[in-house]
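Residue numbers begin at 1 in each chain, while the letters A, B, ... track the order of the sequences.
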Amino acid sequence: MIRDQIRQIVTQAVASAQSSGNLPSIAFPPVEIERPNQPDHGDYSSNFALLATSAIKKASGRKANPRQLAQSIVDNIPAGQLVGSVELAGPGFINFRLNECWLQQSVLSIIEQGPLFGAIDRGKGQNWQVEYVSANPTGPLHYGGGRNAVLGDALANVLEAAGFNVQREFYVNDSGTQFQLFIESLYVCYIQLCEEQDALPARNLEVPENGYQGAYLHDYAKLVRERVGDRLAHLAPDDAMAALRPIGREIVVSDIEDELASMGVTFDRWFSEQTLYEEGLVDKLLEQLSEKGEVVRRDGAVWFLASNYPGNEKDEVVVRSNGAPTYFASDIAYHYDKFARRNFDRVINVWAVDHQGHIPRMGAVMRALDLDPDRLKILLYNLVKLIRDGQEVKMSKRSGDILTVREVVEEVGPDAVRFMLLTTSPESSIDFDMSLAVQRKSENRVYYVQYGHARICSLLHRAAQNGHRNPEEVPPDAADIVTLLTDPAELTLIRRMLEMEEQIELAVARLSPHNLTYYAEDLTKTFSVFYENCQVLHSDVPRELARARLLLILAARTALSRVLNLMGMSAPEEM
RNA sequence: GCGCCAGUAGCUCAGUGGAUUAGAGCGUCGCCCUGCGGAGGCGAAGGUCGCAGGUUCGAGUCCUGCCUGGCGCGCCA
């Protein structure tokens, strides 16, 4: 990474200034390289001299002059290929400007990297898991789950770009009370359907008190009947429901899977909670924890003594007094499986804020299992408020009247959904204006980037028609040709593209990819300015210069489609 | 009551302790089509960064207190 290289240059300059006695030999803080806001201040800058001043003051009580310190560092920076100029500025900043020749050649390196452009090696082959969505398998996804899906998916993309081996997992809660209620509700709908279709005597069954009422249950019931006919209607209710469980599970999970796929979200693994019970892992771990005194029986229930751990005020029930385990019991086993068996170096769970209370107890579980709590990260995101025609879209979950991810995707399109749900930092809530998202006009920022990409493709296509042979290929003399790229708009575009690595690094460091949306817009904006200022296929433009600009455009397409793909969006060739 | 999060332009939101001017999109008001897709470009207006203190060479960013809003504090998930 460029930033790392510059950091390295400064660090070495500091070391040589120290060994020649121009800088005191004390322990300095690590060198920070930042990107100045103002272009006048160069491409990169370091405030090291300012930080060093206070370090010296602390160490020796002497007050050093930051500009002087900066000068002695600058004096120790050798000439190189990457950096064109180094200057001392303001109270003691060291500003770096990238070498123009180097910028020009990097156009070719961008093209060469292609769809992997911007990849960095932060992961060093570590195995990470991102677990996201993990909605209850009781029906279609509530639109709020869309944010979870988009966030987790883009984060996984970015982690892969940063050199991590990433596994995407959906945890299927196919064992708890909610799933049981779903099966009971589905059973009732199924029976009603059979009574109707197969002329069976009416039993007047009703969906249980806290059961699921949504219309989708009737669709599911139809699917059940298509598979097994009225066979289950002739069994005793308990037997029928036992038989219904795997069928219902498959129907609802594949419905959710389709729904997510409509947004381009797919998983490597759908992990069944039920299997943790079937193989006895839950019991085994509760037993182990009990032997260690982490789990005790009290008031007829079984408790995990979370309050022994920092941040936890209360203990947690793992087995109710009626003998039924809570979801927390299987969560212990699930995380044991993730860390102790599958050995992920790190796991990121994407949770909505209403689950924030679980965070401290998960930390307690990790410690109780002798696992490093830092291996588990929770990415919390705030809720989504849907606005349509200036009004909040309200809904009642009870009547099953929920707006689903599928409906929102159908209404505004998958790319708009992804972009909109990604622009806001996770901890902020989102006001998602659907009426705005549908508009394919300038008021809608979603299509701006895609439009830019489509223009690029159109331009390359037209170049071929205009007699440029193979505009998508790099000619043998490309290294000479790109030296013609000297227009400020051209160089600015190159600089912007070269931020890709830093944007990926930033998204990984914060565990949030929302910066990508802003970067994508910025990139497109810079391209548009270039496009406005620099003609390519006009007859006035010399042949060689046109070729150079086509290479730049090819690089721009590489960069734009890369960032779109990282966000999980399509990069259309025409619109 | 306690805990977590948010409060930045008319609206929706960025902002990684830095450089007399705090950014973007939309909206508003002006320009730019005998030029590669105008779903574009240029410019203007618009801010006591919730309030009050503090830390430091330097604070929208860190600390404390307060105000407002959201979420959480079950033998629910």
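Pair assignment for B/A45 gives none, since no Watson-Crick or G-U wobble pairing has each distance under 3.5 Å. Both distances falling under 3.5 Å, in either a Watson-Crick or a G-U wobble arrangement, occur for no nucleotide opposite B/A22. B/A6 is paired with B/U68 under the criterion used here, namely a Watson-Crick or G-U wobble arrangement in which both key atom distances are under 3.5 Å. Base pairing of B/G27 is not made with any nucleotide, judged by Watson-Crick or G-U wobble geometry with both donor-acceptor distances under 3.5 Å. Searching all strands for a Watson-Crick or G-U wobble partner of B/G53 with both distances below 3.5 Å returns B/C63. B/C36 is unpaired under the criterion used here, namely a Watson-Crick or G-U wobble arrangement in which both key atom distances are under 3.5 Å. B/G1 and B/C73 make up a base pair, with Watson-Crick or G-U wobble contacts both under 3.5 Å.
Residue-to-nucleotide contacts include a donor-acceptor pair under 3.5 Å from the side chain of A/Q38 to the base of B/U21. Taking only distance into account, the side chain of A/D522 never meets the base of B/A14 through a donor-acceptor pair shorter than 3.5 Å. A/T517 contributes no side-chain N or O that forms a donor-acceptor pair with the base of B/A14 under 3.5 Å. No hydrogens or angles were tested; on distance alone, a donor-acceptor pair under 3.5 Å links the side chain of A/H358 to the base of B/A77.
Residues A/H514 and A/Y519 place their aromatic rings such that the two centres sit no closer than 6.0 Å.
Between B/G72 and A/K314, no contact under 4.0 Å exists linking OP1 or OP2 to a side-chain N or O. At B/G41, one or more side-chain N or O atoms of A/Y448 fall inside 4.0 Å of OP1 or OP2 (strictly under the cut-off). Contact annotation: A/K525 does not reach the phosphate of B/G40 (side-chain N/O to OP1 or OP2, under 4.0 Å). The phosphate of B/U56 (OP1 or OP2) has no side-chain N or O of A/S54 nearer than 4.0 angstrom. Using a 4.0 Å cut-off, some side-chain N or O of A/R510 falls inside it from OP1 or OP2 of B/G15. Of the side-chain N and O atoms in A/R361, none sit less than 4.0 angstrom from OP1 or OP2 of B/A77.
With both ends at atom P, the span from B/G60 to B/C51 equals 12 Å, rounded to whole Å. Across the C1' atoms, B/U68 and B/G18 are found 31 Å apart, a figure rounded to whole Å. Taking the C1' atom of each, B/G1 and B/U16 are spaced 36 Å apart, rounded to whole Å. A distance of about 27 Å separates the C1' atoms of B/G58 and B/C13, rounded to the whole Å. Going from the C1' atom of B/G35 to that of B/A19 covers 40 Å, rounded to whole Å. When the C1' atom is compared between B/U64 and B/U12, the two are found 32 Å apart, to the nearest whole Å. Taking the C1' atom of each, B/A24 and B/A59 are spaced 22 Å apart, rounded to whole Å.
Stacking of A/F93 onto the six-membered ring of B/A19 is present: less than 5.5 angstrom between centres, less than 30° between planes.
Atoms CD (A/E521) and P (B/C26) sit 9 Å apart, rounded to a whole Å. Going from atom CG of A/L516 over to atom P of B/A14 covers 14 Å, rounded to whole Å. Whole-Å rounding puts the A/Y44 OH to B/G18 C1' distance at 18 Å. In this structure, A/L422 atom CG and B/C13 atom P are separated by 15 Å, rounded to whole Å. A/I378 has its CD1 atom 21 Å from the P atom of B/C71, to the nearest Å. Rounded to whole Å, atom P of B/A19 lies 11 Å from atom CG of A/N47. One can place CZ of A/F179 at 15 Å from P of B/A77, the figure rounded to the nearest angstrom. Rounded to an integer number of Å, the gap from CG of A/N515 to P of B/G15 is 8 Å.
Contacts of A/A463 with the nucleic acid, taken as non-hydrogen atoms under 4.0 Å apart, are absent. Looking at heavy-atom distances under 4.0 Å, A/S429 makes contact with sugar-phosphate atoms alone, never a base. Nucleic acid contact for A/I430: sugar-phosphate only, since backbone atoms but no base atoms lie under 4.0 Å from a heavy atom of the residue. Here A/N95 lies in heavy-atom contact (under 4.0 Å) with a base.
Between A/V296 and A/L305, the closest side-chain pair of non-hydrogen atoms falls below 4.5 Å. The shortest distance between side-chain heavy atoms of A/E184 and A/L181 falls below 4.5 Å. With contacts defined as side-chain heavy-atom distances shorter than 4.5 Å, the pair A/V319/A/L286 qualifies.
Side-chain contact of A/Y44 with A/R35: a donor-acceptor pair under 3.5 Å is present, judged by distance alone. If you check the side chains of A/S570 and A/D415, you find a donor sitting under 3.5 Å from an acceptor.
Of the listed residues (A/F96, A/F93, A/F28), just one forms a ring-ring contact (aromatic ring centres under 6.0 Å, His included) with A/F48, and that residue is A/F28.
How far NE2 of A/H538 is from CG of A/N466: 11.0 Å, rounded to the nearest 0.5 Å.
Residues A/P36 and A/V529 both approach RNA chain B. Their nearest nucleotides, taken by heavy-atom distance, put A/P36 toward the 5′ side. Residue A/S45 is the one, among A/S45 and A/G452, whose nearest nucleotide of RNA chain B lies closer to the 5' end (criterion: closest heavy atom).
Contact record, A/Y132 with A/A149: CE1-O, 3.6 Å, taken as the closest heavy-atom pair. The shortest heavy-atom contact between A/Y448 and A/K525 is OH-CA, 3.2 Å. Residues A/Y277 and A/T326 approach most closely at OH-O, 3.8 Å, considering heavy atoms. A/L155 and A/S512 make their closest contact through CD1-N, 4.2 Å (heavy atoms, listed as atom of the first residue, atom of the second, distance). Nearest heavy-atom pair across A/L217 and A/Y212 is CD1-O, 2.9 Å.
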### Task
Determine, step by step, whether A/E294 and A/Y309 satisfy the side-chain contact (heavy atoms from CB on, under 4.5 Å) criterion, reporting the C-alpha distance in whole Å, the side-chain angles of both residues, the deciding distance to 0.1 Å, and the verdict.
CA-CA 10 Å; A/E294 305 278 2; A/Y309 294 93; 2.7 Å; yes
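More than 12 heavy atoms of other residues, nucleotides or ligands lie within 6.0 Å of CD in A/Q465, so this atom counts as buried by the packing criterion. More than 12 heavy atoms of other residues, nucleotides or ligands lie within 6.0 Å of CG in A/N533, so this atom counts as buried by the packing criterion.
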### Query
Using a cut-off of 4.0 Å between protein heavy atoms and nucleotide atoms, how would you tag nucleotides 31-37 of chain B 5' to 3' with B, S and -?
----SBB
### Task
Report, as a single string ordered 5' to 3', how protein heavy atoms within less than 4.0 Å touch nucleotides 2-7 of chain B: B base, S sugar-phosphate only, - not at all.
-BBSS-
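Glycosidic conformation of B/C31 is anti; the angle lies outside 90° of 0.
Comparing B/C13, B/G15, B/C76 against the side chain of A/Q178 picks out B/C76 as the nearest. Among B/C71, B/C76, B/G40, the nucleotide with an atom closest to any side-chain atom of A/D354 is B/C71.
Taking every heavy atom of residues 322-332 of chain A and every atom of RNA chain B, pairs under 4.0 Å involve A/T326, A/Y327, by number.
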